[in-house]
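Here is the structure we will look at, set down as structure tokens.
First the proteins, then the strands, lettered A, B, ... as listed; each starts at 1.
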2 protein chains.
Amino acid sequence: MNAVTPNIAERIRALGARATPARVAVMRLLETAERALSHHDIELALQANGFDRVTLYRVLDWMVESGLAHRVADAQRVFRFSLAAPDAPAHDRHAHFRCEDCGKVFCLDDVPVTRPALPKGFSSSAVELSITGHCGHCGKHA
Amino acid sequence: MNAVTPNIAERIRALGARATPARVAVMRLLETAERALSHHDIELALQANGFDRVTLYRVLDWMVESGLAHRVADAQRVFRFSLAAPDAPAHDRHAHFRCEDCGKVFCLDDVPVTRPALPKGFSSSAVELSITGHCGHCGKHA
DNA sequence: TTGCTAATGCAATTGTGTTGCGTTTGAACC
DNA sequence: GGTTCAAACGCAACACAATTGCATTAGCAA
Ligand SMILES: [Mn+2]
Ligand SMILES: [Mn+2]
Ligand SMILES: [Zn+2]
Ligand SMILES: [Zn+2]
């Protein structure tokens with residue numbers, strides 16, 4: 001019984017991880033979030049569940065590591081998290097847009113990132129193209 | 001006597017503030033920096049002067065409040081400061097390389113950054129192309 | 001030179017995120 | 001259904017950039 005969010009739990013297991021209540025709850029929350037959420041936002045929104053603060057930090061770490069979420073430090077130097085586009089190619093192959101207002105990160109799937117030539121002796125492990133500005137939602141009210 | 005940086009001290013007084021050694025030193029340092037500096041960077045660069053850490057924090061706060069500097073939180077959520085002067089080098093027109101070993105940031109002057117097309121309603125204020133990897137010096141010992 | 005108060009130095013504190021470690025639990029297997 | 005065990009958790013302690021409180025110093029206008 002208890003038809004618990006089969007989609008999300010299934011996606012978690014598909015990554016080889018355990019579908020715990022904390023992971024399901026955080027992912028569901030981020031899926032419907034209008035803006036990038038801080039750890040504190042999430043703690044407040046899910047306080048009825050009684051998750052430990054460290055558990056929430058670890059869920060968020062795991063989401064970032066496994067490519068499910070983006071993490072960015074906002075202007076007050078607190079991390080904000082937003083869901084990554086599920087069907088996008090690897091994040092280092094496309095550009096990202098970060099809204100200065102709401103903190104949300106958008107995958108710009110159709111803006112490719114090409115690896116530029118480097119000076120002699122240099123080697124690259126990652127390339128990142130990020131644009132900052134106002135997103136479609138926040139630009140309306142500017 | 002002691003012709004100490006007349007330009008900077010004068011600019012400080014023109015803002016109605018006192019031209020203290022800490023302010024002059026921090027402003028001079030930021031004027032010649034080719035990247036945004038953290039409080040720690042500044043503390044190290046000016047350690048011969050013996051300024052208190054808090055004094056440096058307060059100088060930087062004052063610079064931001066009075067419009068002399070920009071403050072941004074970097075990916076590791078530490079504040080970085082750069083001069084807001086209109087004649088500042090245009091770091092947003094070229095790519096940057098950050099070495100994973102030594103942490104140094106290199107301006108890749110010949111790798112241009114072009115502003116990509118954005119989704120409807122989006123507007124961009126900055127574009128950043130950053131490559132991470134091993135620099136010429138650190139790559140030799142890899 | 002003096003007087004006023006902005007600015008400083010130092011200690012304590014805050015806010016956000018991390019680490020260590022013993023305990024619980026998801027899910028694979030029977 | 002029960003058994004097993006590493007992944008995940010809860011809690012306490014920790015790390016560290018940044019801020020605040022307060023007594024003292026010093027920039028500069030008069
Ligand atoms: Mn992406
Ligand atoms: Mn540059
Ligand atoms: Zn936005
Ligand atoms: Zn290096």
Overall bend - the helix from C/dT1-D/dA30 to C/dC30-D/dG1, comparing terminal axes fitted on five pairs, nearest 10 degrees: 50°
Expected output: side-chain A/K104 to main-chain A/A33 donor-acceptor under 3.5 Å: yes
First-last contacting nucleotides on DNA chain C - partner chain A, under 4.0 angstrom, heavy atom: C/dT16 to C/dA27
By side chain to side chain contact (heavy atoms under 4.5 Å, CB included) - contacts of A/P112 (at least two apart): none
Non-neighbouring partners of A/E34 that pass side chain to side chain contact (heavy atoms under 4.5 Å, CB included), sequence neighbours left out: A/H137
Within 6.0 Å of CZ in A/R93, more than 12 heavy atoms from elsewhere: no
Would you say that [X] contacts [Y] through its side chain, given a criterion of any heavy-atom pair below 4.5 Å between the two side chains?
X      : Y      : value
B/H96  : B/V111 : no
B/L129 : A/L129 : yes
A/L118 : A/S123 : no

Cationic N near anionic O, under 4.0 Å, A/E31 to A/R28: no
Steps toward salt bridge (charged side-chain N to carboxylate O under 4.0 Å, His left out) verdict (A/D74, B/R77): CA-CA 8 Å; A/D74 73 11; B/R77 68 182 217 106; over 6 Å; no
Residues touching DNA chain C, which here means a heavy atom under 4.0 Å, drawn from residues 50-57 of chain B: B/D52, B/V54, B/T55
Pairs satisfying side-chain hydrogen bond (donor to acceptor under 3.5 Å, both in side chains), at least one member in residues 124-133 of chain A, at least two apart: A/R115-A/S124, A/S125-B/E100
Show me the donor-acceptor pairs within less than 3.5 Å that the side chains of residues 17-26 of chain B make with the rest of the protein, sequence neighbours left out.
residue, atom, partner, partner atom, Å
B/T20, OG1, B/R23, N, 3.4
B/R23, NH1, B/R18, O, 2.9

Set of residues satisfying ring-ring contact (aromatic ring centres under 6.0 Å, His included) with respect to B/F81, sequence neighbours excluded: none
Distance in Å, A/C102 SG paired with A/R80 CZ, rounded so as to fall on 0.5 Å steps: 9.5 Å
Hydrophobic cluster (4.5 angstrom, side-chain heavy atoms) - remaining members for B/L44: none
Sugar-phosphate, base or nothing in reach of B/H40, heavy atoms under 4.0 Å: nothing
Selection: residues 14-23 of chain A, any non-hydrogen atom under 4.0 Å of DNA chain D: A/A17, A/R18, A/T20, A/A22, A/R23
For chain A, the stretch of DNA chain D it reaches, first to last nucleotide, under 4.0 Å of its heavy atoms: D/dA6 to D/dA18
Ignoring hydrogens and angles, write down the donor-acceptor pairs under 3.5 Å from the side chains of residues 47-62 of chain B, residues two or more places apart or on other chains.
residue, atom, partner, partner atom, Å
B/D52, OD2, B/V54, N, 2.9
B/D61, OD1, B/R71, NH1, 3.1

